[in-house]
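What you see is a predicted model, and the numbers here were worked out from it, not measured in a lab.
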Amino acid sequence: MMVNGRRKARLVLQNGLVFEGVHFGAAGTRFGEVVFNTGMTGYQEILTDPSYYGQIVTMTYPLIGNYGVNVDDVESRHPHVRGFAVRTFCEWPSHHKLVDQLESYLVQHDIVGIAGIDTRELTKAIRTVGAMPGVITTEDLPVESLLARMDEALVPDAVKRVTTQTVYRAPGAGHRVVLIDYGMKAGILRALLERGCDVIVVPATSTAEEVLRWKPHGVMLSNGPGNPEDAPYAVEALRGLIGKVPIFGICLGHQLIALACGAKTRKLKFGHRGANHPVKDLRTGRVDITSQNHGYVVDADSLQGTPLELTHINLNDGTVEGLVHRHEPVFCVQYHPESRPGPSDARYLFDEFIDLMTRVREGRFAHA
């Protein structure tokens with residue numbers, strides 16, 4: 001069926017809620033976990049963030065696509081979302097970096113989109129019930145048959161699907177950093193290169209021995225998709241790295257450090273996804289506005305008895321946002337200091353990592 005010259009599309013949630021709209025981008029049927037992002041801009045970075053692998057993302061801001069797409073705002077080689085839902089998309093974008101429009105970009109990468117739905121109602125449904133499997137379809141399929149196929153939204157071994165398959169190097173004259181790619185945003189690599197680091201990017205399945213073979217001055221742990229408990233190989237590798245080399249973890253990397261140190265993680269009802277999350281540093285009282293994208297958090301109650309100290313909390317819901325090891329040169333945050341998209345408040349954390357590596361190399365790191 002056509003509506004105003006466009007094919008009809010539907011978004012169906014696992015609980016049976018149906019949203020009808022029109023399709024934009026590619027046509028077809030795509031299953032995935034339905035989540036929402038509250039950012040007003042940054043849709044190209046969101047589409048290309050590997051942490052969104054296997055998900056259908058809805059934007060709460062009502063007009064998406066007004067500045068098109070460009071060559072600078074990509075965080076990986078291609079988009080990783082399974083579907084994209086918006087209230088209104090812009091067919092005639094305008095921006096000095098513009099190289100294409102959003103719809104053409106989605107068609108090029110075979111991503112099914114739906115527009116014209118009430119994204120406020122959808123967001124409220126997710127906040128009430130929680131993130132859940134769903135499907136976007138342009139096909140005339142019975143709702144019952146779509147509900148019976150919701151298992152197709154599951155994405156086992158998500159990290160292994162997005163990590164690099166080969167080791168590669170981005171040379172620099174400064175500290176040698178092994179960056180473990182669990183689904184890395186390019187902004188993390190850029191932040192290290194801007195500080196002169198000699199970066200070796202390795203697969204998520206790398207062992208501690210393989211990492212240490214590079215004789216790094218520090219190890220960077222990237223973001224990534226899915227449940228951290230689904231990556232036991234990464235946890236095992238970290239247990240062999242803690243105490244051997246300075247470590248800085250972001251997002252999934254933060255959660256994996258927690259698991260390696262004996263803490264636990266849990267799934268949030270609807271996650272944190274947006275560019276305006278306030279985070280407080282408990283040591284200084286400083287509050288940063290941060291970019292976030294995650295569905296799991298470290299369980300604060302599970303930190304008791306571990307060597308980890310809570311350093312940052314989310315001011316919206318009090319969840320764990322930062323940790324430091326009491327005895328070893330290891331720290332981590334749940335949010336994205338590289339932003340991309342979002343505010344640059346927390347980029348100083350990369351400088352703290354550089355300082356940590358310097359102090360360890362010079363023998364100035366003091367164990368607690």
Side-chain angles (χ1 to χ4, degrees), residues 169-182 184-202 208 211-212 214-223 237-238 240-258 260-261 279-292 298 306-313 320-340 342-368:
R169 191 171 197 161
H175 294 287
R176 181 179 300 155
V177 176
V178 170
L179 173 49
I180 304 181
D181 175 14
Y182 302 122
M184 177 191 71
K185 289 171 62 182
I188 296 175
L189 177 59
R190 292 190 196 101
L192 293 172
L193 294 177
E194 287 169 359
R195 290 159 176 79
C197 294
D198 179 25
V199 184
I200 298 97
V201 183
V202 302
V211 170
L212 294 173
W214 288 98
K215 301 186 184 305
H217 301 127
V219 173
M220 182 91 224
L221 311 178
S222 84
N223 61 294
L238 289 180
L241 292 172
I242 293 173
K244 304 284 182 60
V245 63
I247 300 174
F248 177 24
I250 290 175
C251 200
L252 180 63
H254 157 88
Q255 297 163 8
L256 293 171
I257 285 175
C261 291
V279 169
K280 182 177 181 178
D281 187 330
L282 299 176
R283 301 164 297 180
T284 65
R286 171 180 173 138
V287 175
D288 292 328
I289 304 302
T290 68
S291 177
Q292 303 204 8
V298 175
T306 74
L308 298 174
E309 177 184 341
L310 178 67
T311 58
H312 297 74
I313 61 168
V320 175
E321 292 283 2
L323 299 166
V324 65
H325 199 289
R326 289 188 174 91
H327 313 297
E328 304 295 346
V330 176
F331 72 106
C332 53
V333 293
Q334 181 61 76
Y335 49 97
H336 286 264
E338 80 288 351
S339 58
R340 303 280 305 178
S344 58
D345 294 24
R347 289 184 185 173
Y348 68 89
L349 290 173
F350 288 99
D351 298 319
E352 291 192 357
F353 182 45
I354 299 298
D355 179 66
L356 178 62
M357 288 188 287
T358 299
R359 287 189 289 119
V360 170
R361 291 181 71 181
E362 296 177 354
R364 294 188 289 112
F365 177 79
H367 292 269

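- Arg326 places a side-chain N or O within 3.5 Å of a backbone atom of Thr306 that can act as its donor or acceptor partner.
- Heavy atoms only, all atoms of each residue included: Glu321 and Gln292 are closest at OE2-NE2, 3.0 Å.
- Listed by chain and residue number, Phe248 satisfy the ring-ring contact (aromatic ring centres under 6.0 Å, His included) test with Phe353 (two or more places apart in sequence, or in another chain).
- Ion pairing of Arg190 with Glu338 is absent here, as no side-chain N (NZ or NE/NH1/NH2) approaches a carboxylate O to less than 4.0 Å.
- Across all non-hydrogen atoms, the minimal contact from His327 to Pro307 is CD2-CB, 4.2 Å.
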Point to revise | Trace of the side-chain contact (heavy atoms from CB on, under 4.5 Å) decision for Ser222 with Lys185 | key: CA-CA 8 Å; Ser222 84; Lys185 289 171 62 182; over 6 Å; no
Exercise for review: With side-chain contact (heavy atoms from CB on, under 4.5 Å) as the test, would you mind laying out the steps for Lys280 and His312 before giving the verdict?
Suggested key: CA-CA 5 Å; Lys280 182 177 181 178; His312 297 74; over 6 Å; no
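- The CD atom of Glu194 lies 10.0 Å from the CG atom of Leu189; values are rounded to the nearest 0.5 Å.
- Rounded to the nearest 0.5 angstrom, Met184 CE and Cys251 SG are separated by 14.0 Å.
- Partners of Asn223 under the side chain to side chain donor-acceptor pair (under 3.5 Å) rule, at least two apart in sequence or in another chain, are Asp49, Ser51.
- A search for side chain to side chain contact (heavy atoms under 4.5 Å, CB included) contacts involving Arg361 returns His175, His217, not counting sequence neighbours.
- For the pair Val333 and His254, the tightest heavy-atom approach, listed with the atom from each and the gap, is O-CB, 3.2 Å.
- In this structure, Asp281 CG and Arg286 CZ are separated by 8.5 Å, a value rounded to the nearest 0.5 Å.
- Within the 4.5 Å cutoff, no side-chain heavy atoms of Met220 are placed close to those of Val178.
- Annotation for Pro337 and Arg347: closest pair O-CG, 2.9 Å, computed over non-hydrogen atoms.
- Residues satisfying the side chain to side chain contact (heavy atoms under 4.5 Å, CB included) criterion with Val324, sequence neighbours excluded, are Glu309, Thr311, Phe331.
- Distance CG/Leu349 to OH/Tyr335: 4.5 Å, rounded to 0.5 Å.
- Side-chain contact check for Val202 versus Leu179: every heavy-atom pair is 4.5 Å or farther apart.
- Residue Ile250 holds its CD1 atom at 10.0 Å from CD1 of Ile257, rounded to the nearest 0.5 Å.
- Side-chain N/O atoms of Asp288 and Tyr348 include a donor and acceptor closer than 3.5 Å.
- Taking each heavy atom of Gly253 and Tyr182 in turn, the nearest pair found is CA-CE1, 4.3 Å.
- Considering only residues two or more places apart in sequence or on other chains, Arg169 meets the salt bridge (charged side-chain N to carboxylate O under 4.0 Å, His left out) condition with Asp198.
- One distance of note links SG of Cys261 with CG of Leu256; it measures 11.0 Å at 0.5 Å rounding.
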Check your understanding: Can Cys197 and Ile354 be said to form a side-chain contact (heavy atoms from CB on, under 4.5 Å), step by step?
Key -> CA-CA 9 Å; Cys197 294; Ile354 299 298; 3.4 Å; yes
**Study point:** Trace of the side-chain contact (heavy atoms from CB on, under 4.5 Å) decision for Ile180 with Leu241
**Key:** CA-CA 12 Å; Ile180 304 181; Leu241 292 172; 4.2 Å; yes
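- Listed by chain and residue number, Leu282, Leu303, Ile313, Val320, Leu323 satisfy the side chain to side chain contact (heavy atoms under 4.5 Å, CB included) test with Leu310 (two or more places apart in sequence, or in another chain).
- Shortest non-hydrogen contact noted between Leu238 and Ala260 is CB-CB, 3.9 Å.
- Side-chain atoms of Arg364 never come within 3.5 Å of backbone atoms of Val360 as a donor-acceptor pair (strictly under, hydrogens ignored).
- Although no hydrogens or angles enter the test, the distance criterion places no donor-acceptor pair under 3.5 Å between the side chain of Thr290 and the main chain of Val279.
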